[in-house]
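Everything numeric here is computed off the predicted structure, so don't read it as measured data.
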Amino acid sequence: MTYSIKHALGRFRRSEDGTVAFDFVLWFPLFLFFMLIGVEVGLVGLKHVKLERSMDETVRWVRLNTGASPTHDDLKQMICSTNPVADCMSNVRLEMRNMDLRQWDGLPEDYSCIDRSETVTPMNELSLGMDNELMVMRVCAEFNPFMPGSKLFAKFLGDDTMLSKNENGYLSIRKSTAFVQEPR
């Protein structure tokens with residue numbers, strides 16, 4: 001009996017059947033993970049481009065229509081026209097304020113995205129500005145990533161980039177731009 005077990009184990013050890021299947025099982029999940037991360041990075045890049053494009057179009061409209069006085073929701077609707085993130089009107093936060101070049105204080109660092117734990121999110125500052133004033137617009141959009149494991153690449157990007165991850169697992173894109181208000 002021990003001879004047959006030893007003989008079977010020796011035959012199993014010398015056999016080369018299934019070596020390709022072993023390599024496939026070992027390496028395919030890793031390649032699949034990297035392919036899906038590539039898709040996720042492409043989708044995040046598309047969201048970046050859409051948000052930046054809609055922000056540029058909104059800023060252009062504000063600069064050229066100096067007599068108009070759009071509301072916060074009007075500007076948010078203009079930014080959401082390209083649909084940069086899902087459910088854009090509730091997942092995008094907008095701030096526009098005038099800045100003084102002679103007494104530059106810098107932008108406050110406490111600008112946050114949507115807090116999903118709160119029932120009501122207070123509106124940030126919105127100022128349309130006067131003639132020849134420097135205006136700064138900041139937009140933050142939150143979205144749920146395509147792949148749950150893709151939050152890893154946001155961690156590697158760090159906090160100083162335009163992409164960050166909050167404690168609820170949502171990724172957020174932060175964009176800002178500055179422009180000078182045209183004379184009326």
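Of all non-hydrogen atoms in A86 and N91, the two that sit nearest each other are O-ND2, 2.7 Å. In terms of heavy atoms, L26 sits closest to P29 at O-CD, 4.0 Å. Shortest non-hydrogen contact noted between K47 and P84 is CG-O, 3.3 Å. Here the closest heavy-atom approach between residue K50 and residue T82 is recorded as O-OG1, 3.4 Å. For W61 against P70, the heavy-atom pair with the smallest separation is CZ3-CG, 3.6 Å.
Under the 4.5 Å side-chain criterion, counting only non-hydrogen atoms from C-beta, L134 is not in contact with F179. K76 places a side-chain heavy atom less than 4.5 Å from the side chain of M89. Using a 4.5 Å cut-off on side-chain heavy atoms (C-beta onward), E142 and V85 make no contact. Between V44 and F143, the closest side-chain pair of non-hydrogen atoms falls below 4.5 Å. Between L75 and M96 there is a side-chain heavy-atom pair separated by less than 4.5 Å. Considering only heavy atoms from C-beta on, L94 comes within 4.5 Å of I79 through its side chain. Contact check for D56 versus E52: side-chain heavy atoms found under the 4.5 Å cut-off.
Once rounded to the nearest 0.5 Å, the distance linking CG of L30 with CE of M35 reads 11.0 Å. Remark: R93 CZ to S172 OG distance equals 12.0 Å, nearest 0.5 Å. T58 OG1 to D74 CG: the interatomic distance, rounded to the nearest 0.5 Å, is 10.5 Å.
Note on F28 and I37: same hydrophobic cluster, where clusters join Ile, Leu, Val, Met, Phe, Trp and Tyr whose side-chain heavy atoms are under 4.5 Å apart, directly or indirectly. Criterion: ILVMFWY side-chain heavy atoms under 4.5 Å apart, direct or through other members. Under it, L46 and L51 are not part of a common hydrophobic cluster. Tracing side-chain contacts under 4.5 Å through hydrophobic residues (I, L, V, M, F, W, Y), one never reaches V49 starting from V41; they form parts of separate clusters.
Applying the ring-ring contact (aromatic ring centres under 6.0 Å, His included) criterion to F31, with sequence neighbours excluded, gives no partner residue. Looking at residues two or more places apart in sequence or on another chain, you find a salt bridge (Lys or Arg N to Asp or Glu O under 4.0 Å) between R63 and E182.
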- Item | Chi angles and distances behind the side chain to side chain contact (heavy atoms under 4.5 Å, CB included) call for R174, R138 | CA-CA 7 Å; R174 299 171 191 266; R138 294 194 290 186; over 6 Å; no

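Side-chain atoms of K175 do not come within 3.5 Å of backbone N or O of V139 as any donor-acceptor pair.
Under the disulfide (SG to SG under 2.5 Å) criterion, the residue pairs touching residues 29-99 are C80-C88, with sequence neighbours excluded.
Ion pair R97/E95 flagged as a salt bridge, since at least one NZ, NE, NH1 or NH2 atom sits closer than 4.0 Å to an Asp/Glu carboxylate oxygen.
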